[in-house]
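Here's the structure, in structure tokens; my notes come after.
FYI, side chains are in, hydrogens and waters are out, and symmetry mates aren't considered; it's all heavy atoms of this structure. Residue numbering restarts at 1 for every chain, and letters A, B, ... go by the order of the sequence lines.
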Amino acid sequence: MSQPPVLDLLPTEVEADLRATVRGLLDARCDAAAVTAVYDGDRAVVTPLWQSLTRELGLAGLLVPEDRGGAGASAREAAVVLEELGRAAAPVPFLTSAVIATTALLDTDGDLLAELAAGERTATLLVPLSAGPQDPLPVLGTDGAGRVSGSVTSVAGVLEADTLLVLVATDAGPALGVVGASAASVVPVVSLDMTRQLADVTLDGAEVTLVLDEGEPAVRRALQAGAALLASEQAGLARWCLEETVAYLKVRPQFGRVVGGFQALKHRLADLFTEVESASAAAVNAAAALAADDPDLVVATCVAQSYCSDVAVHAAEEAVQLHGGIGMTWEHPAHLYLKRAKADQVALGTPGAHRTRLAELVDLPGASA
Amino acid sequence: MSQPPVLDLLPTEVEADLRATVRGLLDARCDAAAVTAVYDGDRAVVTPLWQSLTRELGLAGLLVPEDRGGAGASAREAAVVLEELGRAAAPVPFLTSAVIATTALLDTDGDLLAELAAGERTATLLVPLSAGPQDPLPVLGTDGAGRVSGSVTSVAGVLEADTLLVLVATDAGPALGVVGASAASVVPVVSLDMTRQLADVTLDGAEVTLVLDEGEPAVRRALQAGAALLASEQAGLARWCLEETVAYLKVRPQFGRVVGGFQALKHRLADLFTEVESASAAAVNAAAALAADDPDLVVATCVAQSYCSDVAVHAAEEAVQLHGGIGMTWEHPAHLYLKRAKADQVALGTPGAHRTRLAELVDLPGASA
Amino acid sequence: MSAVVADLEKRVDALLAEHDPAATERLEFLRARFDAGLAWVWYPEGLGGLGLPQEHQAVVDSLLAKAGAPGNHPEKNGIGLGMAAPTILRFGTDEQRRRYLRPLWTGEEVWCQLFSEPGAGSDLANVATRAVRDGDTWVVNGQKVWTSGAQNARLAILVARTDPDLPKHAGLTYFLCDMTDPGVEIRPLRQITGEAEFNEVFLTDVRVPDSQRLGAEGEGWRVANATLNNERVSIGRASERESGMIGVVSRTWRERPDRRTPDLHDRLLRLWVDSEVFRLTGQRLRQKLAQGQPGPEGAAMKLTFARIAQQASGLEVELLREDALRYESDQGWTQVRPDRVDFTGRDAGYRYLRAKGNSIEGGTSEILRNIVAERVLGLPGEHRVDKDRPWKETAR
Amino acid sequence: MSAVVADLEKRVDALLAEHDPAATERLEFLRARFDAGLAWVWYPEGLGGLGLPQEHQAVVDSLLAKAGAPGNHPEKNGIGLGMAAPTILRFGTDEQRRRYLRPLWTGEEVWCQLFSEPGAGSDLANVATRAVRDGDTWVVNGQKVWTSGAQNARLAILVARTDPDLPKHAGLTYFLCDMTDPGVEIRPLRQITGEAEFNEVFLTDVRVPDSQRLGAEGEGWRVANATLNNERVSIGRASERESGMIGVVSRTWRERPDRRTPDLHDRLLRLWVDSEVFRLTGQRLRQKLAQGQPGPEGAAMKLTFARIAQQASGLEVELLREDALRYESDQGWTQVRPDRVDFTGRDAGYRYLRAKGNSIEGGTSEILRNIVAERVLGLPGEHRVDKDRPWKETAR
């Protein structure tokens, strides 16, 4: 077993400051009631919040080099942002636009990257939510005259995007193309997780600009980055569930005592604490590997994704259960986290898919091999 | 989904009486210290106990029809005996001789069946402990002059047997043959579970008597019966672990209270109770299906085996853990149950193997199908 | 054929002869059936029954069904039939039994349950709703929650505190409450599925005649427990292989070979085994009950039921991946008030969310584990600081 | 290179110049190393150290190893180095530190721990071993258990009850006990692996001079807790990928393609992931400690360590099937006293059994969960009936 590098898993001062800033903004402009309203079709919270994050804080440019108009930060800072967005179940397209679409465009020329970094435009990649870095990808056909047609269902980030990235079939293989969202037929999907609502997208002879010949590696790299950083969102979500539940059980009385004093619940929360701490270590390691462009990145991502996906779901399920009936109600925010966690679990590759990939990487072949 | 029959899952009065008789005998003649001594090579408890069970109580003949010298009882009674033997971690060859070897011989003529039923002889089938009803079976070669040669490793019940049943290669397929144990080279294996000690057996031109041409179906039927009834041993073992642990925790003080009052342990024991009750329902159903020669037998066995195997291990592990340090000591009998449960788990097919078989039977094919 | 069955057949024939189902108004037939003792044969004569063992009911039901007789739609009055009726039978006065059981059984009067409160969930005895005696009536004030079917109910079983100076279990009294009283306000309670299966019920100066008190003053805890035991026994019936959540998920598995993976396969098989063992455990429990041996597995079975439903529905989402994230069937997230609870209906996302309630409603899994540990295994109870002190000093 | 490192190199050079490892008797070299402050550089000067940060020790160790210097065999004195030394450093008098630390570090005096008793396991403060003052000495009587290495130990750290009239935590005192005292009787304690790693120790009128009391009379609980915190921190180091049980099982998996099945594959991969995450959590914890931020994950890590070891070793038995039931390596079931603990050694059956102890020794998983819940999450402590009452009235 070759040994991976020892990465710095502790936050820098810059990262700690960033965390405080983002949390402050989310506390002020992303309360649970506004997020819940999204489920009933009131998306008023989305655009102002996204504009604050991008135009005020410049977060869309974290992964973009300074000479391309970005902040020249790294995946570690993006991970901090995602942890906080997970904590708030925030309905903004940071992952789809500022991580995935942005990473796919890193090797392109033109202004789009800078416009994304500045928050002037928002993009998403036309793949189903569950597509992982190794999965088959939808490649759309052209008529040879720069017009692309085809459908992709269950895509995240479309409703918030003005720009769509598509893989376009060319003789030299799939190229990366850019299509204006207004040129697409977008049908919103009533989604289990409305904080990352899906949509079905159909292009019917839409005008496309090819921006990169080698489209497939760029898209896979983007999905790899997305998977590596999604773990931080999941870790942040899980930590909110733990902290909120602990806080509630410290004050909720039953049988003349606070519920948090009952040992069976204490032990479950201790186990959950163990999981949440572990998830955050795994997530920060994946982000650090991505930031360092380390060869261990794929292993680190498979580990973080398969672990954090299940921890987030478990934490949200425990939050619902341990809040008792109140956790089952629409008014209490626990359900926002349950839905987000369950959707995140299948996003960018299921835990099982990540383990299957891991098996190849670390030489633990299956039964038939 | 075709529906299985509704079998009677409650004990008859005869079965209840049988249980009381067997338990009484085991209480008197199979104490934990004597069983523990087996691990240090003192097998003094084995033969007298087996003789009491067979000659005094006639238990070896339960599955043998009355006109063949047996008790003409059914698999339900054999299941009761196995539950009690599991409770006592008793080091007797009931399963290997009175269930498996006896079932294999049911369609044979000659006196052997009656001698087994009477406890005058004790037999075992030469297959590895883990061989399940669907697994490849060892078939030994002959020199054409009635002499058989070959080796089978990790066989249970050999040390207590005077008679070995072997599958012998013939032109018409594997036949069932009988070899005297004294004609075999038997090397005892220091076994994880010394209450069902394994041995490696080599036959080198040993004289064999063929007793059944269609040997393979008989052996598979025998292993099927063994697997169906092993579940009862596991259920009995699990129940002992639960009851012993509950009893201990009701008296063991820590922090000025009995340990059984701590809620985290109460909840674990409640869950274990649920598992143990479920295991016993699954086990009695498998025994009832075997007794009724019901077409659902294979499903019932796969269900019971895959469920009870893991419950027995879980119960024994909880017994060790919840006894604290004392459960880790040689003097406390918990380890006898842990070792027996872990060995039982891989006996007659692992839980995974039984689930794989089940998948075919209930039309839940795997990914590659 | 036993004499009892022969007699029952005769009675059914007589009922049908006098009230031809094809020519009789539905309610009239149901009332006649009740009066003939064929509603619930194990109830006493004069109260819809004949004092027979419960298992004979199946004979009557099947004969009447064959004859095309109308049913009483038990699914519309689950609380009434499953909880109110046995409690009224056991604790009611003769007058109460005669007044309530007949329209309850025929479905003319639907019932709901006013037990839980925001501060009295698992700790049900902590009920804070007050009932103060005013001559021959009680004046009730408080807030109840988790009331299913309140909007359709004519009557409610109600637990209220009548003496806050007594320890909490001792100061409760059980009432039958008229839901049409002007002081009763019903608000739908939306849950994580988007639906509002349940309600909050606000009681403001609701006047309940003392004749609608069930059991003695201060005996409410004992009466309520009898009601709840009926609830727990009625949950978790799975008599068919592949019924319930495992059946749904198994069908999904068979329909979607493209989505099968080895890890999900083994998890599915484990759940299939668990479900089958659950079915067998229930079968054995029913056999014990039929022999008059109440088994201790009831609370344990509800635990298992909830676990399987949650794990299986969670697995289905992983299996279907983004297809399970389309929450599109029926009304999506629009708040509706469903006619009846459906654990396994709609789509995979709904099932996943709804199953979360299975370990909360009707006794949380935590409370059920306490019950198993204490009542079945005989382990010591929790330390109870509030047990012997006046409720008003402990209540929070 | 920092000035500190340069200075250390100079000191090492000086030591090697004066004591050529090739020509110096082993003990003499070790004593000289101690006296040069190069034993544990983070200890104070004069006590084997130089008052430097602990991470500089690695420099010294590596330079001396390269020079062929003899080591102090820390594996033979784990209790001494890991538990007794830091406690003596923190609570000892100057005289005690000078008397004990040098021979402890050189290995001349091996230590064991006399804390647990049959009635004081998880409830360690329930210690019943009595120490009664007799002038300048204490007379000790009682029974200890789970003492590893007692047969090789010259000295022991001992907790005994000096005042049974005080509540249980208040009446304890901590001593350094001479294991060669004639009143000390050591009996091997056999465990489920067949081995006797531990001992029971019977103390009969053992005389301990008051000068061997560590900390004040009645302060034993506080001192013992400091010792135990050292124990917990020292457990669960996994700095390499695939170290520990997962490494063993992964190798077995690779070597036995014939035994692989899909269900075991997914379970193995889950455990591999868990182990890797455990490794990363430990790495982060060490980085925090190096920055002087003690993280709360220590107790949590031991929980995970035990769970992984147990699940992985259990899986290995299922993988190897009957091959894992052959308990044949080394001595089989014969009772031996191993030189040191080996969690992952021998064969699959041994590993399975030995791993059961991982959730018991050094704090049961149940106690660790209490610690995490109370000290880390701030949840209320258990109801403690015995906390403020005299020990003699509560002891059982």
Side-chain angles (χ1 to χ4, degrees), chain B residues 39-41 128-131 153-156 189-194 196 198 200 251-259 261-265 268 309 313 317 320-332 334-336 338-339 342-343 345-347 350-353 355-356 366-368, chain D residues 116 118-123 125-126 145-146 168 189-194 196 198 261-264 267 310 314 317-328 331-335 347-350 352-353 356-357 359-361 364-366 369-370 382-387 389 394-396:
Chain B
Y39 280 80
D40 285 323
L129 176 72
S130 74
T153 53
S154 303
V155 184
V189 173
V190 180
S191 304
L192 183 72
D193 171 24
M194 292 291 278
R196 185 173 282 139
L198 306 178
D200 296 339
V251 299
R252 166 74 175 171
Q254 297 261 294
F255 305 105
R257 303 158 53 183
V258 297
V259 176
F262 285 93
Q263 197 193 34
L265 306 192
R268 277 162 68 173
S309 290
V313 169
E317 290 179 342
V320 168
Q321 177 68 23
L322 296 181
H323 274 79
I326 190 79
M328 281 293 289
T329 63
W330 193 257
E331 290 98 90
H332 192 279
H335 70 102
L336 302 174
L338 181 68
K339 292 160 183 171
K342 198 66 190 171
Q345 188 181 38
V346 301
T350 61
R355 284 194 296 272
T356 300
S368 50
Chain D
S116 298
S122 290
D123 185 7
N126 200 37
V145 75
W146 303 116
K168 68 180 186 181
L189 178 62
R190 196 175 185 185
Q191 64 200 87
I192 66 177
T193 56
F198 300 98
T261 65
D263 68 315
L264 295 179
R267 283 166 59 195
Q310 291 173 356
V317 172
E318 285 185 73
L319 173 68
L320 290 172
R321 305 207 296 264
E322 68 272 20
D323 294 352
L325 304 184
R326 304 177 73 101
Y327 200 80
E328 295 178 304
Q331 71 279 6
W333 293 113
T334 313
Q335 179 181 327
D347 47 26
Y350 171 84
Y352 174 72
L353 296 176
K356 295 286 164 275
S359 53
I360 297 175
E361 57 208 344
T364 67
S365 288
E366 291 72 28
R369 286 193 189 94
N370 279 350
E382 291 301 302
H383 171 65
R384 297 285 289 272
V385 294
D386 57 352
K387 211 175 155 190
R389 291 165 56 199
T394 69
R396 279 187 278 194

**OP:** Can you see which heavy atom on B:Val320 is nearest to which on B:Gly327, and at what distance?
**Re:** CG1-O, 3.8 Å
**OP:** Write down the atom of B:Val190, the atom of D:Gly332, and the distance for their closest heavy-atom approach.
**Re:** CG1-CA, 4.0 Å
Original post:
Taking D:Gln310, D:Arg326, D:Arg321, D:Lys168 one by one, which has the highest count of heavy-atom pairs under 4.5 Å against chain B?
Top reply: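 Winner by heavy-atom pair count: D:Arg326.
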**OP:** Name the option with the most non-hydrogen atom pairs under 4.5 Å to chain D; the candidates are B:Met194, B:Lys339, B:Arg268, B:Glu331.
**Re:**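 Counting heavy-atom pairs under 4.5 Å, the top option is B:Lys339.
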Original post:
Picking from B:Gln263, B:Arg252, B:His332, which has the most non-hydrogen pairs under 4.5 angstrom with chain D?
Top reply: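 Top count of heavy-atom pairs under 4.5 Å with chain D: B:Arg252.
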Need one label for [X]: side chain, backbone, both or neither, based on atoms under 4.5 Å from any heavy atom in chain B.
X        : answer
D:Trp333 : both
D:Pro262 : neither
D:Asp123 : both
D:Arg369 : side chain
D:Phe198 : neither
D:Leu264 : neither
D:Leu325 : both

At a 4.5 Å cut-off on heavy atoms, which part of [X] comes close to chain D: side chain, backbone, both, or neither?
X        : value
B:Thr350 : side chain
B:Val346 : side chain
B:Ala343 : both
B:Leu336 : neither
B:Gln345 : side chain

Subject >> Ring geometry between B:Trp330 and B:His335 (parallel below 30°, tilted from 30 to 60°, perpendicular above 60°) >> reply: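 It falls in the parallel class, under 30°.
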Subject >> Side chain proximity check, D:Arg267 to D:Glu318, heavy atoms < 4.5 angstrom >> reply: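 D:Arg267 reaches D:Glu318 side chain to side chain.
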Original post:
Checking side chain to side chain contact (heavy atoms under 4.5 Å, CB included) for the pair D:Glu328/B:Val189: CA distance, chi angles, key distance, verdict?
Top reply: CA-CA 7 Å; D:Glu328 295 178 304; B:Val189 173; 3.7 Å; yes
**OP:** Could you walk me through whether B:Leu192 and D:Leu353 pass the side chain to side chain contact (heavy atoms under 4.5 Å, CB included) test, one step at a time?
**Re:** CA-CA 9 Å; B:Leu192 183 72; D:Leu353 296 176; 3.8 Å; yes
Subject >> Any donor-acceptor pair under 3.5 Å from D:Lys356 side chain to B:Glu317 backbone >> reply: no
**OP:** Would you kindly say whether D:Glu366 and D:Ser122 are connected by a side-chain donor-acceptor distance under 3.5 Å?
**Re:**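 No donor-acceptor contact under 3.5 Å links the two side chains.
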Original post:
Is it the case that D:Gln335 and B:Tyr39 place a side-chain donor and acceptor less than 3.5 Å from each other?
Top reply: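 There is no such pair (donor and acceptor under 3.5 Å, judged by atom type) between the side chains of D:Gln335 and B:Tyr39.
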Subject >> Inter-residue atom distance B:Thr329.OG1 - D:Trp146.CH2, 0.5 Å rounding >> reply: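 It is 6.0 Å, given to the nearest 0.5 Å.
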